[in-house]
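For reference, the structure is listed below as structure tokens.
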Amino acid sequence: MSAKLRELLQAVLVRLVSRDTPPGPIQKWVGSRFLRHFPGQLSCREFEDFVYDYHEQNLTPKQQTTFELHMRLCPMCRTHFRSYVTTIELGQRVCDDHDELPDMPEELVQAILSARSAR
Amino acid sequence: MSEDTHEKQRGGGCARTAPPAARAPDPQKTRGESRLVQALQAGEGSAFEELVRRHGPNLLAVARGIVRNDEDARDCVQEAFLSAYRSIARFEGRASLGTWLHRIVTNASLMKLRSHGRRPEVSIDPLLSHFDEYGFLEGPIHSNSASAEELLQRADTRKMVRGAIDQLPESYRTILVLRDIEGYSTDEVVELLEISRGAAKVRLHRARTALKNLIGSVFE
């Protein structure tokens with residue numbers, strides 16, 4: 001298949017299935033056949049297998065392109081990936097509030113000092 | 001995010017706000033730290049007390065995050081400080097004191113978890129992604145494109161995320177805490193948990209996906 005024809009087909013499919021709403025039955029039928037039969041496409045399940053490595057920047061350039069094309073085509077996976085990244089950032093920042101560090105109980109300080117002296 | 005970024009974020013030992021003495025850029029505080037190390041290596045009792053008071057709160061937070069039990073966390077902190085005391089002569093200052101202590105208390109906390117023995121774990125499968133008959137990802141689309149920073153402005157986000165992390169099965173919670181909260185690199189996590197790199201990747205991805213699904217309402 002020529003590169004030009006491939007680009008044209010992809011552009012048509014992007015218009016057809018890429019929306020910010022969940023796909024309807026017709027979009028799903030067309031989309032699933034496209035993802036199954038069009039060379040170089042990922043299914044949502046395969047996309048899921050690549051999410052970690054894409055985020056960690058471990059994919060080859062070709063894998064990265066395929067991953068990104070699926071993300072353009074599939075609103076569910078696009079939103080899934082966006083929420084996945086935000087979740088990681090939330091996890092990283094959820095404990096960064098210095099005011100929320102616990103107080104060091106005085107009895108624990110004394111217990112540590114006593115245990116050290118006993119050794 | 002790359003491991004390099006994680007390393008930079010960790011700074012004084014973790015993605016959590018590091019204790020002031022553990023941050024590198026302030027020369028005044030760095031000098032304070034090197035004096036403290038010298039005093040510790042000389043066996044000064046007051047220096048050990050200063051170490052405990054300065055780094056105790058952060059170590060207690062790290063231990064609590066891993067063992068989720070106040071009494072166990074205190075045991076871990078005590079064990080960590082005593083272990084640090086025993087090995088301070090070998091401390092060469094390649095990392096900050098905060099980073100060094102952070103690693104020690106993490107090891108003590110993981111030892112504590114292991115000492116409780118392997119408990120039967122609830123399956124994480126219901127919290128993972130599911131696919132319909134066409135192979136499409138199932139589930140509601142949360143179209144909120146707010147950044148983590150914007151979401152954290154809401155009063156209940158922090159509480160909800162912490163609560164969701166606590167709901168994860170233990171092995172998944174532990175790897176998520178080590179990597180995403182405490183900021184260890186993948187290589188460090190592999191070493192700390194004594195698992196293969198492949199197992200760490202699968203477990204961490206599942207933990208993140210499950211957490212994402214547990215906090216779904218944050219994105220609405």
[atom1]-[atom2] distance between [X] and [Y], expressed to the nearest 0.5 angstrom:
X        : Y        : atom1 : atom2 : value
A/Arg45  : B/Asp132 : CZ    : CG    : 9.0 Å
A/Met76  : B/Ser129 : CE    : OG    : 10.0 Å
A/Ile88  : B/Leu204 : CD1   : CG    : 7.0 Å
B/Leu151 : A/Glu89  : CG    : CD    : 9.5 Å
B/Leu137 : A/Ser43  : CG    : OG    : 10.5 Å
B/Asn213 : A/His80  : CG    : NE2   : 7.5 Å

- Can you list the steps and then say if B/Arg208 with A/Val51 is a side chain to side chain contact (heavy atoms under 4.5 Å, CB included)? CA-CA 11 Å; B/Arg208 287 169 169 175; A/Val51 164; over 6 Å; no
- Query: With a 4.5 Å limit on heavy-atom distance, are the side chains of B/Tyr85 and A/Ile112 in contact?
  - Reply: no
- Item | Test item: B/Val77 and A/Met104 side chains (from C-beta on) under 4.5 Å apart, heavy atoms | yes
- Query: Distance-only, no hydrogens or angles: does the A/Arg116 side chain make a donor-acceptor pair with backbone N or O of B/Arg86 under 3.5 Å?
  - Reply: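 No: the side chain of A/Arg116 does not pair with the backbone of B/Arg86.
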- Query: Which one, A/Pro102, A/Pro105, A/Gly91, leads in non-hydrogen pairs under 4.5 Å with chain B?
  - Reply: A/Pro102
- Item | Contact origin within B/Ile215 toward chain A - heavy atom pairs under 4.5 Å |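 For B/Ile215, the side chain is the part near chain A, not the backbone.
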Hey, is [atom1] on [X] packed in by over 12 heavy atoms from elsewhere, all under 6.0 Å?
X        : atom1 : answer
A/Asp103 : CG    : no
B/Glu149 : CD    : no
B/Glu71  : CD    : no

- Query: Do the ring planes of A/Tyr84 and B/His205 sit parallel (below 30°), tilted (30 to 60°) or perpendicular (above 60°)?
  - Reply: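 Taking B/His205 first and then A/Tyr84, their aromatic rings sit tilted (interplane angle of 30° to 60°).
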- Message: So for A/Leu108, is it side chain, backbone, both, or neither that comes closer than 4.5 Å to the heavy atoms of chain B?
- Response: side chain
- Item | Heavy-atom proximity to chain B below 4.5 Å, by part of A/Asp53 |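 Answer is side chain: those atoms of A/Asp53 sit under 4.5 Å from chain B.
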- In terms of heavy-atom pairs under 4.5 Å with chain A, which of B/Leu176, B/Leu128, B/Leu152 leads? B/Leu152
- Task: For A/Leu90 and B/Ala148, work out which heavy atoms get closest and say how close.
- Result: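 It is CD2-O, 3.8 Å.
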- Which residues satisfy the salt bridge (charged side-chain N to carboxylate O under 4.0 Å, His left out) test with B/Arg53, sequence neighbours excluded?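 In terms of salt bridge (charged side-chain N to carboxylate O under 4.0 Å, His left out), with neighbours along the sequence ignored, B/Arg53 is linked to A/Glu106, B/Glu49.
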- Query: Would A/Glu56 and B/Arg197 pass as an ion pair if we require N to O under 4.0 Å?
  - Reply: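 Here A/Glu56 does not pair with B/Arg197 in a salt bridge, since their nearest N and O are not under 4.0 Å apart.
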- For A/Phe50, what residues pass the ring pair (Phe, Tyr, Trp, His ring centres under 6.0 Å) criterion, not counting sequence neighbours? none
